[in-house]
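Note that the structure is a prediction, hence the values are computed from the model and not measured. Side-chain atoms are counted along with the backbone in the values below, which use heavy atoms only and exclude waters and symmetry mates. The first residue in the sequence is number 1, and the count goes up from there.
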Amino acid sequence: MDVKDVAQNIIVAVAVSCLILGLFSYYYYSKDTNRKNFNSAIVITWLLIAIFPAFLISFFFPSAQADGSFMGFKVGGAFGAFILTWYYGVKASTKGIDTDKLRADLDKLKRERAQQTMMDNSKEGKRIAKPLAFKDIYRYKIKQVPSKEIRLITGNITQVDEVDIWVNSENTNMQLARFYDNSISGIIRYLGASRHKVSKMVDKDTIYEELKAKLVGILRVESTAVISTIAGELERSNNVKQVFHVASSRGQPGHGYLPIENIQDCIVSCLKEAELAEYKELNPKSILFPLMGTGTAGRDLFQTADLLINTAVAYMEDNPDCQIDHVYFLNYTDLDLGLCQKVLDEQVRVTPIR
């Protein structure tokens, strides 16, 4: 191999390396809508890309012309190829990022306006909420612990079949709701019960009976206490491995059920419960929370969602090796979803996964 061949190989290697590095840099920084970061990086990015045609033309085609005008001057050859590629590449990229940023800002404004309308309606008592018919999952990665996620799942709880542990927001007396009450407690109790193959009537109140057996001689538990039971028929129908009943409200004669003050501690209690050795064989990786206290207990939806979600984020950050990887929050209505998304959008410790 003579000197010319060696030189050709070196030129090609340098040119290709510059092109690959430039393309990789462009891909990386094109996702950054921060103008300060983007503008400073894109100039260098296109300098690297422009080196590729300039090197090849100057070495392999020294007599070739790549003519054009640049700021009123005519340029040609390898230098012309370099200048034109660099200049128009930077110009096109900057224009493109401007368009993308405007679209992103417009979408953000629309979303913020919708969320603010929901909050205003909620505060004024106009809680006009539409049930979400379809199941969708919105994922948010915890920046400090990338393997952990907060997830919002929409629709009816009966559609959920990807979560290992379901949390039942219960009262301090651990009195499950009746089968046909419009509550998470009643739904879990009914779906967990076994039914006759022909008549479909309940023949074993599975979850209720196990919970009752665990509470023999106990009329009341402390707030935030967790009692776990098997999932009954939910294991077959919805892939549920365990049900955690957490005391998030207390009953008062003549007043119904009122939420406990430290309702966010229910999140910590359930996540700690999942760490116990008795669940290691089940290997639970996900847990589903309702928006505890916002139903019959009547807590403010936005404030409660903010407390619950931020407590879950903080726990995962403080316990990066915990058993649970994905914390789900059930959003039954569009109002639930809008306000939970607002909480997460304002939370700097998480980032959405698109």
Side-chain angles (χ1 to χ4, degrees), residues 153 156-158 160 163-194 202 204-252 256-279 282 284 286-299 304 307-308 311-312 315 323-324 327-330 332:
I153 187 166
N156 197 299
I157 193 172
T158 59
V160 179
V163 185
D164 298 326
I165 298 173
W166 282 13
V167 174
N168 174 30
S169 178
E170 204 49 80
N171 52 72
T172 53
N173 298 103
M174 288 291 161
Q175 295 175 334
L176 293 176
R178 295 170 298 182
F179 284 147
Y180 304 113
D181 286 346
N182 185 23
S183 66
I184 296 295
S185 178
I187 292 172
I188 288 177
R189 179 179 179 180
Y190 179 75
L191 294 180
S194 62
V202 172
K204 186 178 181 182
D205 197 351
T206 311
I207 294 177
Y208 170 79
E209 290 179 6
E210 182 173 357
L211 185 60
K212 184 178 179 181
K214 288 191 172 185
L215 294 169
V216 171
I218 301 174
L219 297 179
R220 182 179 179 277
V221 300
E222 294 297 323
S223 60
T224 76
V226 179
I227 307 295
S228 67
T229 66
I230 59 174
E233 286 300 302
L234 278 169
E235 182 176 359
R236 180 187 60 80
S237 62
N238 295 73
N239 302 311
V240 183
K241 296 179 178 179
Q242 202 78 8
V243 177
F244 286 177
H245 308 270
V246 62
S248 61
S249 64
R250 58 171 61 92
Q252 292 187 7
Y257 292 102
L258 301 176
I260 61 175
E261 293 180 1
N262 55 326
I263 197 164
Q264 69 274 17
D265 290 346
C266 293
I267 299 288
V268 176
S269 295
C270 290
L271 291 173
K272 284 184 175 180
E273 179 75 15
E275 293 296 298
L276 298 181
E278 60 186 279
Y279 307 116
L282 295 176
S286 54
I287 188 168
L288 173 68
F289 289 99
L291 295 176
M292 298 179 288
T294 61
T296 56
R299 283 183 63 102
T304 303
L307 275 175
L308 299 180
T311 299
Y315 183 90
Q323 181 76 12
I324 299 298
V327 177
Y328 287 79
F329 287 93
L330 182 66
Y332 178 61

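Taking all atoms of both residues into account, the shortest heavy-atom contact from Leu288 to Val163 is N-CG1, 3.4 Å. The two residues Leu308 and Ile263 come nearest to each other via the heavy atoms CD2-O, 4.0 Å. The shortest heavy-atom contact between Val167 and Met292 is CG1-SD, 4.4 Å. Pairing each heavy atom of Gly293 with each of Ser169, the nearest pair is N-OG, 4.2 Å. Here the closest heavy-atom approach between residue Met174 and residue Ala247 is recorded as CE-N, 3.7 Å. Of all heavy-atom pairs spanning Tyr180 and Tyr190, the tightest one is OH-CE1, 4.1 Å.
Looking at heavy atoms from C-beta onward, Leu291 lies out of side-chain contact with Tyr332 at the 4.5 angstrom threshold. Looking at Leu215 and Val221, their side chains come closer than 4.5 Å, going by heavy atoms from C-beta outward. The shortest side-chain heavy-atom distance between Tyr328 and Val160 does not fall under the 4.5 Å cut-off.
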Mind running side-chain contact (heavy atoms from CB on, under 4.5 Å) on Ile267 and Leu307 for me, showing each step along the way?
CA-CA 10 Å; Ile267 299 288; Leu307 275 175; over 6 Å; no
Take His245 and Ser185 through the test side-chain contact (heavy atoms from CB on, under 4.5 Å) and record every step on the way to the result.
CA-CA 9 Å; His245 308 270; Ser185 178; over 6 Å; no
Derivation of the side-chain contact (heavy atoms from CB on, under 4.5 Å) call for Val246 and Phe289
CA-CA 10 Å; Val246 62; Phe289 289 99; 5.9 Å; no
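Although no hydrogens or angles enter the test, the distance criterion places no donor-acceptor pair under 3.5 Å between the side chain of Arg189 and the main chain of Ile207.
Atom CD of residue Glu170 and atom SG of residue Cys266 lie 11.5 Å apart, to the nearest 0.5 angstrom. Atom-to-atom distance recorded for Lys212:NZ and Ile218:CD1 is 14.0 Å, nearest 0.5 angstrom. In this structure, Leu271 CG and Ile165 CD1 are separated by 8.5 Å, a value rounded to the nearest 0.5 Å. Atoms CG and CD, from Leu219 and Gln175 in turn, are 9.5 Å apart once rounded to the nearest 0.5 Å. Here the straight-line distance linking atom CG of Asn238 with atom CD of Glu235 works out to 11.0 Å at 0.5 Å rounding. Separating the CG atom in Asn171 from the CD1 atom in Ile260 is a distance of 11.5 Å, to the nearest 0.5 Å.
Around CD of Glu261, the count of heavy atoms belonging to other residues, nucleotides or ligands within 6.0 Å does not exceed 12. Around OH of Tyr208, the count of heavy atoms belonging to other residues, nucleotides or ligands within 6.0 Å does not exceed 12. In the displayed structure, Arg178 atom CZ is contacted under 6.0 Å by at most 12 heavy atoms of other residues, nucleotides or ligands. Open room surrounds NZ on Lys204; 12 or fewer heavy atoms of other groups in view lie less than 6.0 Å from it.
Just one of Ile187, Leu176, Ile227, Thr229 meets the side-chain contact (heavy atoms from CB on, under 4.5 Å) condition when paired with Asn168; it is Leu176. Results of the side-chain contact (heavy atoms from CB on, under 4.5 Å) test with Ser286 over Ile324, Val327, Asp164 single out Asp164 as the only residue that passes.
Screening residues 266-276 for side-chain hydrogen bond (donor to acceptor under 3.5 Å, both in side chains), with sequence neighbours left out, gives Glu273-Tyr279.
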